[in-house]
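Data first, discussion second: the structure below is written as C-alpha cells.
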Amino acid sequence: MIFVIGLLIAIFIVPDPWTVPVIVGAAALEITETLGTWWWSRRGAPKVGPETLIGAAGRVLEPCRPDGTVRVNGEVWRARCDPGAERDAPVRVVGRDGLVLLVEPADQA
C-alpha cells in the first residue's frame, strides 16, 4: 500500500528530478514494513489451553479441603489444594489433572 501511494505521489505531485527517489523510498518502506510484520508475527509460539494457567494467581471461591473451586484469570475452575485453602485466599496454580487445577496457597510460593 505504501508503494502504491508513493508511486502515485511520484507521478502526480513530485517534480521530475524527485520521481525516482520517491519511488525507491516508498519501495524501501514497503519492504521494511513487510519484513517487520513478518518478524513480529513469528516472535513466539501461540499459547493456548489449560497449560497456560500454570503459575497464574487466583482466589478461592469455595474452600479447598482438598477439593474446591477457584477463580483464575476471570474463569471459574475446579481445584485441588492438598494443604487446604479457605474462601478468598490467594492461590497459585502449580499443575493440572484433566480439568482440575492443582493449586497451593500463594504464601507457599
Side-chain angles (χ1 to χ4, degrees):
M1 188 68 182
I2 293 174
F3 181 70
V4 172
I5 292 170
L7 191 60
L8 292 174
I9 289 173
I11 292 172
F12 295 113
I13 297 175
V14 182
D16 277 342
W18 290 97
T19 302
V20 172
V22 167
I23 292 173
V24 169
L29 282 173
E30 183 72 29
I31 290 169
T32 302
E33 178 189 22
T34 301
L35 291 176
T37 303
W38 177 80
W39 175 79
W40 183 261
S41 68
R42 285 160 178 72
R43 69 189 183 282
K47 297 174 182 164
V48 296
E51 292 81 14
T52 62
L53 294 173
I54 295 175
R59 288 235 174 244
V60 177
L61 296 178
E62 292 180 18
C64 294
R65 294 186 213 121
D67 295 327
T69 307
V70 297
R71 181 181 302 275
V72 178
N73 292 341
E75 298 175 339
V76 177
W77 290 84
R78 291 186 328 179
R80 182 175 307 120
C81 182
D82 291 329
E86 296 301 318
R87 182 175 171 82
D88 289 330
V91 291
R92 185 175 63 90
V93 180
V94 294
R96 71 177 186 94
D97 181 16
L99 291 178
V100 175
L101 297 182
L102 305 176
V103 299
E104 66 181 16
D107 56 355
Q108 290 184 1

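A quick note: this is a predicted structure, and the numbers were derived from the prediction, not measured. Atoms considered below: every heavy atom in the structure, side chains included; atoms not considered: hydrogens, waters and symmetry mates.
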Could you walk me through whether Val93 and Trp77 pass side chain to side chain contact (heavy atoms under 4.5 Å, CB included), step by step?
CA-CA 11 Å; Val93 180; Trp77 290 84; over 6 Å; no

In Å and rounded to the nearest 0.5 Å, what is the [atom1] to [atom2] distance from [X] to [Y]?
X	Y	atom1	atom2	result
Leu8	Phe3	CG	CZ	10.0 Å
Phe12	Leu7	CZ	CG	9.0 Å
Glu104	Cys64	CD	SG	12.5 Å

Determine whether [X] and [Y] fall in the same hydrophobic cluster, where Ile, Leu, Val, Met, Phe, Trp and Tyr are linked whenever their side-chain heavy atoms lie under 4.5 Å apart.
X	Y	result
Val14	Ile5	yes
Ile13	Val22	yes
Val91	Val94	no
Leu99	Val70	yes

Which atom of [X] lies closest to which atom of [Y], heavy atoms considered:
X	Y	answer
Pro105	Cys81	CD-SG, 3.7 Å
Ala10	Ile23	CB-CG1, 3.6 Å
Val103	Ala79	CG2-CB, 4.2 Å

Residue pairs passing the salt bridge (charged side-chain N to carboxylate O under 4.0 Å, His left out) test where at least one lies in residues 71-84, sequence neighbours excluded:
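Sorted pair list: Asp67-Arg80, Arg80-Asp97.
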
Is it the case that the side chain of Glu62 and the backbone of Thr69 share a donor-acceptor pair, with hydrogens and angles ignored and the cut-off at 3.5 Å?
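The answer is no, because no donor-acceptor pair under 3.5 Å joins these two groups.
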
Side-chain donor or acceptor of Arg87 paired with backbone N/O of Leu61 under 3.5 Å
yes

Start with the C-alpha distance between Thr19 and Ile11, add both sets of side-chain angles, then the distance that settles side chain to side chain contact (heavy atoms under 4.5 Å, CB included), and finish with yes or no.
CA-CA 7 Å; Thr19 302; Ile11 292 172; 5.6 Å; no

Tested for side chain to side chain contact (heavy atoms under 4.5 Å, CB included) against Glu33, the lone hit among Thr37, Leu35, Ile31, Leu29 is Thr37

